[in-house]
Engineer: 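The structure is given below, and queries will be raised subsequently.
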Amino acid sequence: MTAPATAADNLVAPFQIEGEPVRGRLARMGDAVDKILKGHAYPEPVANLLGEACALAALVGSNLKFEGRLIVQAQGNGPVRYVVCDYDTTGALRGYCRYDDVAVAEAAKGFVRPGAKTLLGEGVFIMTVDQGSDMDRYQGITTIEGETLALCAEQYFAQSEQTPTRVRLAVGQVDTGDGPHWRAGGMLIQNIAEDDARGPTAEAWVRTQAFFETIGEDELIDPTISAETLLFRLFHEDGVRVFESKPLQAFCRCSPERIAGVLNSFSAGERAEMVEDDGLIRVTCEYCSTVYALTLEELAAG
């Protein structure tokens, strides 16, 4: 896919269907997801899975009403053992996958790109809300049933929050003139529960889902289509109100100080065994692939 121009990017835009009990969020990710996926030499199916996790974490995490983090992860016994994306309420995202190269290559044979179920196998899908060290974490867990992370998320909301929810995720590479770059996008809609004021909401939910089903994956990652334009295309018959968007960026919380703190949690003897021939201890961040090299003297001084 080649695109000449770029609309606003790296954001989550909340929206409300005018006069209807349906709300949602639309995520558009350019260099934010490109940086995460290019930080590792992921095979295409693995990069696609992680890109979906990033878009999903942004869609769900951007609705948090407090400062904290949302962690989306799935793990199983398949070719990809673990996929995780960590979103915090500043809009910072980081993520990585742990996988078996040979098993992924075998799963990727054929005409259809393998999805979450094929890659992860039997396992669990988990969403964790972290409100900080002074608060207990909230964690919801469901089994991996759907072939996509979007279906896993829909099942999670149905079981854990009893909220009718639809999710669409898309990941792909787009050439904007300087080579291919990864992009990701997603949309989430939810039915607001009926009450005495709203009355029945089932009919509006069915109607909104019908429009939602018409969205194409290519539209979700097209850099020339703005969030407002895409939402208008889908919901112009009923009208849609778009609220202030929230920014997204790739950002890892690793630092020399954090790495030193982890290393200093080991005994002096264990640290001595980690020293390489040139006198350095090297640690690679799993998320961003940054390599930290420290001496025993630097650790002692810290």
Side-chain angles (χ1 to χ4, degrees), residues 1-3 5-13 25-63 69-74 80 82-99 104 113-116 119 127 148-150 152-153 167-188 215-227 230 245-254 285-290:
M1 178 178 178
T2 302
T6 303
D9 235 340
N10 300 313
L11 56 82
V12 179
R25 294 179 291 282
L26 171 65
R28 296 175 44 84
M29 303 172 65
D31 58 10
V33 75
D34 189 61
K35 184 176 180 180
I36 292 171
L37 299 186
K38 287 183 176 177
H40 300 264
Y42 290 124
E44 183 177 350
V46 178
N48 182 80
L49 181 66
L50 180 54
E52 288 187 351
C54 290
L56 180 58
L59 285 171
V60 180
S62 62
N63 198 45
R69 299 161 56 207
L70 174 80
I71 303 164
V72 171
Q73 64 190 84
V80 175
Y82 191 79
V83 58
V84 60
C85 185
D86 182 330
Y87 168 96
D88 76 31
T89 44
T90 66
L93 286 161
R94 62 178 186 165
Y96 77 95
C97 282
R98 187 173 298 151
Y99 63 97
V104 168
R113 183 172 61 189
L119 291 172
M127 285 198 196
T148 68
L149 285 186
C152 290
V167 179
R168 182 70 61 84
L169 304 170
V171 180
Q173 295 191 72
V174 177
D175 190 342
T176 55
D178 58 348
H181 296 279
W182 285 102
R183 294 186 58 79
M187 183 179 291
L188 175 152
I215 191 171
E217 289 190 6
D218 57 331
E219 293 179 291
L220 284 171
I221 64 171
D222 190 333
T224 68
I225 303 175
S226 70
L230 182 53
S245 62
K246 297 182 178 181
L248 299 171
Q249 63 173 325
F251 179 78
C252 189
R253 288 187 293 279
C254 68
C285 176
E286 286 187 304
Y287 282 95
C288 66
S289 297
T290 299

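What you see is a predicted model; the values in this text were computed from it and never measured.
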Engineer: Regarding Asp9 and Arg183, does a basic nitrogen lie under 4.0 Å from an acidic carboxylate oxygen?
Structural biologist: yes
Engineer: Would you check if Leu248 and Met29 make a side-chain contact, meaning some heavy-atom pair closer than 4.5 Å?
Structural biologist: yes
Engineer: Would you say that Leu93 contacts Cys85 through its side chain, given a criterion of any heavy-atom pair below 4.5 Å between the two side chains?
Structural biologist: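 Touching, per the 4.5 Å side-chain cut-off.
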Engineer: Please check this pair: side chain of Asp88 against backbone of Arg69, looking for a donor-acceptor N/O pair closer than 3.5 Å.
Structural biologist: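 No, because the side chain of Asp88 does not come within donor-acceptor range (under 3.5 Å) of the backbone of Arg69.
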Engineer: Please determine if Lys35 and Asp31 form a salt bridge, counting it only when a charged side-chain N lies under 4.0 Å from a carboxylate O.
Structural biologist: no
Engineer: State, yes or no, whether a side-chain contact exists between Tyr82 and Tyr99 at a heavy-atom distance under 4.5 Å.
Structural biologist: no
Engineer: By side chain to side chain donor-acceptor pair (under 3.5 Å), which residues pair with Glu219, not counting sequence neighbours?
Structural biologist: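 Glu219 satisfies side chain to side chain donor-acceptor pair (under 3.5 Å) with Arg233 only.
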Engineer: Within a strict 4.5 Å, meaning less than it, do heavy atoms of the Ser245 and Val12 side chains meet?
Structural biologist: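 A side-chain contact is absent here, since even the closest heavy-atom pair is not under 4.5 Å.
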Engineer: Any idea which heavy atoms bring Ala150 and Leu169 closest together, and the distance?
Structural biologist: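 So the two residues come closest at N-CD1, 3.8 Å.
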Engineer: Do Leu220 and Ile215 come within less than 4.5 Å of each other through their side chains, counting heavy atoms only?
Structural biologist: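 Contact flag for Leu220/Ile215 side chains = yes.
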Engineer: Say whether, by atom type as modelled, one donor and one acceptor occur between the side chain of Arg168 and the main chain of Glu217 under 3.5 angstrom.
Structural biologist: no
Engineer: Below 4.5 Å, heavy atoms only, C-beta onward: do His181 and Lys38 meet side chain to side chain?
Structural biologist: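 His181 vs Lys38: side chains touch.
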Engineer: Let me have the donor-acceptor pairs involving side chains of residues 42-59, under 3.5 Å, with sequence neighbours excluded, atom names and distances please.
Structural biologist:
{"unit_1": "Tyr42", "atom_1": "OH", "unit_2": "Cys97", "atom_2": "N", "d": "3.0"}
{"unit_1": "Asn48", "atom_1": "OD1", "unit_2": "Arg113", "atom_2": "NH1", "d": "3.2"}
{"unit_1": "Asn48", "atom_1": "OD1", "unit_2": "Arg113", "atom_2": "NH2", "d": "3.4"}

Engineer: Please check: side-chain N/O of Asn10 versus main-chain N/O of Ala32, any donor-acceptor pairing under 3.5 Å?
Structural biologist: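 Yes, because the side chain of Asn10 sits within donor-acceptor range (under 3.5 Å) of the backbone of Ala32.
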Engineer: Within a strict 4.5 Å, meaning less than it, do heavy atoms of the Val83 and Tyr96 side chains meet?
Structural biologist: no
Engineer: Under 4.0 Å between a side-chain nitrogen and a carboxylate oxygen: does that hold for Glu286 and Arg98?
Structural biologist: yes
Engineer: Whether Asp86 and Arg94 form a salt bridge (side-chain N of Lys/Arg under 4.0 Å from carboxylate O of Asp/Glu) is what I want to check.
Structural biologist: yes
